[in-house]
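Below: the structure, in structure tokens.
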2 protein chains.
Amino acid sequence: MSNKLSTQHKILDAAQSLFAETGYNGTSLRQITSQAEVNLASVNYHFGSKKELIQAVLQRYLLVLMPRLDQEFNRLLAAQQPNSLNQVLSVFVRPLLELNKVHPHGTRIFLQLLGRGYTDVQGHLRWFFNHHYGRVLDKLVLLVQQACPELPAGELFWRLHFSLGTVVFTMASSEALAEIAEADFNENVDIEGVILRLLPYLSAAIAAPIPLVSQLSQTAPLLASEGR
Amino acid sequence: MSNKLSTQHKILDAAQSLFAETGYNGTSLRQITSQAEVNLASVNYHFGSKKELIQAVLQRYLLVLMPRLDQEFNRLLAAQQPNSLNQVLSVFVRPLLELNKVHPHGTRIFLQLLGRGYTDVQGHLRWFFNHHYGRVLDKLVLLVQQACPELPAGELFWRLHFSLGTVVFTMASSEALAEIAEADFNENVDIEGVILRLLPYLSAAIAAPIPLVSQLSQTAPLLASEGR
DNA sequence: ACGTGTTTGAAATGTACGTTTGAATTAAAT
DNA sequence: ATTTAATTCAAACGTACATTTCAAACACGT
């Protein structure tokens with residue numbers, strides 16, 4: 001049994017935990033290398049820079065997750081009849097939970113890292129993400145469009161981003177939320193439970209009825225000042 | 001006409017923009033004071049520390065917003081028949097948009113600051129928020145409970161936090177989203193438009209049907225490994 | 001066993017940060 | 001007008017950061 005881990009592996013393991021807990025900017029290479037019990041310089045030796053280390057930490061999960069998602073999307077797209085929104089969203093559950101094979105608590109850590117990526121490093125990680133995996137996510141948009149044909153494209157854009165926010169924020173603050181939930185309702189609040197709670201929430205949200213324009217304008221003349 | 005602004009005011013104005021754009025940790029006092037065209041030391045002179053400056057920036061909006069929300073909550077609580085979820089959520093629109101009186105783009109900036117507060121400074125701002133305004137938010141929980149009496153308390157807890165995530169994430173990345181939306185669908189994407197789009201989304205999400213336990217356990221034996 | 005290429009180690013570099021200091025300046029009060 | 005308090009200013013302090021350097025230790029094919 002070789003419990004001897006490579007330096008790179010030790011760095012990645014320490015980095016992902018610290019990044020998930022305190023963010024990318026909030027974590028120093030000194031914290032990472034001291035928790036990994038390796039020399040400070042080895043990060044720059046093995047990964048080049050902190051920025052590239054962040055990408056490497058994310059890639060360890062993305063390289064497993066995205067092909068799995070792509071495969072699921074293709075399966076749904078090949079179906080004869082259009083899929084329901086619930087079917088489309090459920091497709092995320094298995095691939096996400098299988099990230100626990102990459103690392104214990106891999107699912108939670110990856111989703112936290114994803115959340116950090118959208119708020120911490122301005123734009124940089126968003127670009128990295130869209131550039132590498134934009135094709136896959138286009139298939140998701142198509143599937144949701146097929147599931148909700150009555151939804152205008154503009155509305156769908158916003159609701160998918162609302163949903164991304166829901167997931168990402170929930171995971172980024174999942175530690176705190178789990179503590180509160182456990183104290184106040186003593187329920188099981190592992191990552192799987194949260195994901196399964198999210199599904200009906202998101203499903204109903206994305207398929208919400210579109211308010212009529214007349215109902216919108218009813219609340220329109222709200223303020224005399226300030227139109228962008 | 002006295003267009004001479006006090007040093008404190010200039011600092012607050014510069015700080016809120018920078019905090020909203022690049023986060024609390026991501027903004028240095030040197031950036032703030034140089035944009036405000038004041039001396040570096042004046043932040044510590046007028047506010048004591050960076051941490052207290054962050055609180056002061058938030059308080060400028062919270063002291064306007066929270067009493068307004070409290071008043072609206074009390075109005076709804078005094079109603080004879082229980083209010084619909086839509087009525088409860090709509091109550092946020094006016095008070096939030098009135099923050100534009102505190103400062104141009106005040107609504108957007110405040111919501112961005114709120115989002116940053118939940119991800120940037122670990123726990124500290126969350127405590128500050130709950131400690132000062134927990135009483136007010138309890139009324140919101142009560143109102144939602146009255147609007148959705150079939151929803152268990154534990155489920156409601158999670159869904160309200162999901163919703164907070166939706167709002168906060170959307171606002172934190174509203175600049176980028178607005179750019180994309182404008183380019184791809186050329187729609188009006190001011191802050192009021194986003195808020196009005198959020199209402200039906202959140203309303204449907206919070207009131208989503210609760211999945212049966214049998215349906216949950218159907219997807220339960222997903223992985224052999226790893227239960228938290 | 002040797003020599004080569006890879007990896008680690010301790011130390012130093014330069015930059016940026018929040019905060020403090022004490023003198024200079026301005027405003028207010030008597 | 002003179003004293004007193006409040007504010008601004010330039011400079012410095014100590015700390016922490018990412019990155020670089022270069023010698024030492026190691027791995028390993030020959």
Side-chain angles (χ1 to χ4, degrees), chain A residues 1-60 113 116-117 119-125 128, chain B residues 2-59 113 116-117 119-125 128:
Chain A
M1 173 181 275
S2 68
N3 52 359
K4 171 107 171 297
L5 294 175
S6 70
T7 300
Q8 307 185 31
H9 199 116
K10 286 194 285 184
I11 291 175
L12 286 175
D13 283 357
Q16 68 173 3
S17 303
L18 290 167
F19 284 154
E21 280 168 29
T22 53
Y24 299 107
N25 298 330
T27 304
S28 70
L29 293 185
R30 287 172 165 80
Q31 291 176 267
I32 293 171
T33 52
S34 81
Q35 180 163 118
E37 292 179 303
V38 301
N39 190 270
L40 169 63
S42 48
V43 168
N44 289 83
Y45 176 77
H46 286 288
F47 298 96
S49 68
K50 184 181 180 179
K51 200 180 278 187
E52 287 166 282
L53 171 63
I54 294 174
Q55 292 185 5
V57 165
L58 278 172
Q59 280 284 51
R60 193 155 61 142
L113 291 172
R116 298 291 188 181
T119 54
D120 262 32
V121 221
Q122 176 68 354
H124 167 250
L125 274 180
F128 172 79
Chain B
S2 69
N3 52 0
K4 172 107 170 294
L5 294 176
S6 70
T7 300
Q8 310 186 29
H9 198 115
K10 287 194 284 184
I11 291 175
L12 287 175
D13 283 356
Q16 67 171 4
S17 302
L18 290 167
F19 284 154
E21 279 168 30
T22 53
Y24 299 109
N25 298 330
T27 303
S28 71
L29 294 185
R30 285 172 168 82
Q31 291 177 266
I32 294 171
T33 52
S34 81
Q35 180 162 117
E37 293 179 302
V38 300
N39 189 271
L40 169 62
S42 48
V43 168
N44 287 294
Y45 176 78
H46 285 287
F47 298 95
S49 67
K50 184 181 180 180
K51 203 181 275 187
E52 289 166 281
L53 172 63
I54 294 173
Q55 291 185 5
V57 165
L58 278 172
Q59 280 285 50
L113 292 172
R116 297 292 188 181
T119 55
D120 262 32
V121 220
Q122 177 68 354
H124 166 253
L125 274 180
F128 171 78

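In what follows, every chain begins at residue 1, and chains take the letters A, B, ... in the order their sequences are listed. Side chains are part of it too, since the values below use all heavy atoms of this structure and drop only hydrogens, waters and symmetry mates.
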Whichever of B:Gln8 and B:Ala41 has its nearest DNA chain D nucleotide further upstream toward 5': B:Gln8

Nucleotide C:dT20, atom P - distance to CG of B:Leu29 in whole Å: 11 Å

Length of the line joining B:Asn25:CG and C:dG18:C1', which is rounded to integer Å: 12 Å

Touch class at under 4.0 angstrom, heavy-atom based, for B:Ser28 against every strand present: sugar-phosphate

A:His46 vs C:dT8: side-chain N/O to OP1/OP2 distance below 4.0 Å: yes

Under 3.5 Å donor-acceptor, A:Ser34 side chain and A:Gln31 backbone: yes

Any A:Phe47 side-chain heavy atom under 4.5 Å of A:Gln8 side chain: yes

Per A:Lys50 side chain, nearest of listed nucleotides C:dT8, C:dT20, D:dA18: D:dA18

Whole-Å distance separating the OH atom of B:Tyr24 from the C1' atom of C:dG18: 18 Å

Validation row: B:Thr7, B:Val38 side chains within 4.5 angstrom (heavy atoms): yes

Rounded distance in Å - CG (B:Leu18) to C1' (C:dC17): 15 Å

Side-chain donor/acceptor of B:Tyr45 to backbone N/O of B:Leu40, under 3.5 Å: no

Sugar-phosphate only, base, or nothing, as touched by B:Thr33 at under 4.0 Å among non-hydrogen atoms: nothing

Length of the line joining A:Phe47:CZ and C:dT8:P, which is rounded to integer Å: 11 Å

Contact under 4.0 Å: B:Thr7 side-chain N or O vs D:dT8 OP1/OP2: yes

Length of the CG-C1' vector between A:Asn44 and C:dT13, whole Å: 13 Å

Side-chain (A:Thr33) to main-chain (A:Arg30) donor-acceptor, under 3.5 angstrom: yes

Side-chain donor/acceptor of A:Arg30 to base of D:dA16, under 3.5 Å: no

Rounded distance (Å) that lies between atom C1' of D:dA18 and atom CD1 of A:Ile54: 12 Å

Spacing between B:Leu40 atom CG and D:dC13 atom P, to the nearest angstrom: 15 Å

